[in-house]
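Have a look at the structure below before the remarks.
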Amino acid sequence: MKRARIASVVCLILLTGALVFDVCCQKASETEKPVRIGVARFSHETCTFCPSPTTIEDWEYYGPPTRDLLGSDSGYIGGFKTMCEEFGGVELVGVLSPRGARGGSSGSWITQEAFDKYSYGIADDLEAQGPFDGVFLSLHGAMAVTGIPKPEAEIVRRVRAAVGDIPIFVTLDLHANEDHEMSDAADAVFIIKRYPHYDTTLLGERAARVLIKTIRGQYKPTMATRKPGVITPSVFQGTGVSPAMEIMERARRWENQRKDAYVSVAFGFAYADVPDVGATVMVVTNDDQKLADQIADDMSDYIWRRRNEFAGKKLPNTEEGVALAIQAAKKGKTPVVIADHSDRTGGSTHILEELIEQGAANVCIATLRDERALEKIAAEFELGDTIAIDLGGYSDEFAGNPVHIEGMIEHLGKRRNETVAVLNFGANNRVILTPHLTQVTTPSIFKPLGIPIEELDIIVLKSRVHFRRGFHETGLAGAIFEVDAPGLGPADLTVLPYKNIPKDIYPVYTKE
Ligand SMILES: [Zn+2]
């Protein structure tokens, strides 16, 4: 009895001690000044060889600019938010930012009017909602704007003019085309390392961790930037294969060896005719210029040494690729996926035409862009009707001929508020019609449209690497063929009518 009473007294003393300790700690963290960070997003991958400019109307097709950027826990901003919550004592403020542009990366040159509206809009809203201790900009890096040679660096300069000398941190896509102008303007730049882009959330977390440390005076970002002089088609940039895999592995090795060093490589976006096109190395260290330079030189030299493997591969043409796919389907490796990688506008018919020519069955084209056909179908036809119609072949100059099909309307409905139709024709072949280029990256599109994926022998996707997320890494595809049909995004970059890129870049001008 007595012993129990002593024990409870001891407990009470311990508990009181714990409470006092707790209050002390809380007081300590309360005295630390809360950090205030403005968060903005302005992101586009511009295919300058594509036919239609990207206008204000395209940018506002899905709604006007918004401050509502902080709703998700994933992606660059989601990761940034999560890490800020873990640190505590951080107030995040959403800054008025444009949404995604209609047509995504099938859009050509952004008009200067649109660029001015959103870049100055972000700067003005930062000024209106300030002051801030830091700014986080979620950019892409492959934006191309009429009259503005290096748009993302210009965004940072406009933001700098509004917010002054506080840390501005930037995250970029692996397809970014950037150079020293970006690293001169921003305090730190971080770029994702995976294609498909699995590490956007992790990168957002990294940017937040280093930005908060910088604001608190525990880190002094110091950058080195290099351009190895290499440009590669997207279809060869998947980081699951060599040499893209080894390049990123080398960056990770440096990061593991050197504390507080962040090593980024953008492979670049070859379908933007801009002066800073191609691979970029960007290294951030904690107040160590010598180390940043050393790592940047090493990475840049390494990419140059691997340039032949990186940019010089060959792919089967339309006829060869389709024949290989049909052969694989006959051997039971279904579904066979054909990546129609060069179609940048979504309405190319080369592969569809060749599949019909070679007598393929159980094929699904996912998808074919044809806004005119969809308009006609919606106005004049109903679900279940038989139909004879010409499809596609007009979205750009390389999109092939319209293909005549006679079949049945198997599905007619809305997807993301836009009309979509499925036509069934020939030997149980299907084509999904959409009004824009649609890059299908997972099989989730098929079920809502009533398409039994297990019955498909061949699936044609307008994708280069992102489809691997849902069709390769899940083990779904029995075989995959990247086919080099004529298009605005060819694997052979030497055929593109470049005007603005460096005159010594490999493999377009420098051949060896
Ligand atoms: Zn990308």
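This structure is a prediction, so every number in the text was calculated from the model and none was measured. Ligands are counted one by one from 1 in listed order, and the atoms in each one are counted from 1 as well.
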More than 12 non-hydrogen atoms from neighbouring residues, nucleotides or ligands closer than 6.0 Å to NZ on Lys314, yes or no?
-> no

Closest non-hydrogen atom pair between Gly75 and Thr201, with its separation = N-OG1, 2.9 Å

Do we get Arg307 above Trp304's six-membered ring, with its NZ or CZ under 6.0 Å from the centre and within 45° of the axis?
-> yes

Determine the interplanar angle of the Phe136 and Phe80 rings, folded into 0 to 90°, and report it as parallel if under 30°, tilted if 30 to 60°, perpendicular if over 60°.
-> parallel

Does His140 put an N, O or S atom under 2.8 Å from the Zn ion (ligand 1)?
-> no

Is the Zn ion (ligand 1) under 2.8 Å from any N, O or S atom of His175?
-> yes

Within the stated cut-off of 2.8 Å, is an N/O/S atom of Glu45 closer than that to the Zn ion (ligand 1)?
-> no

Minimum-distance atom from the Zn ion (ligand 1) among N, O or S atoms of Asp173 = OD1

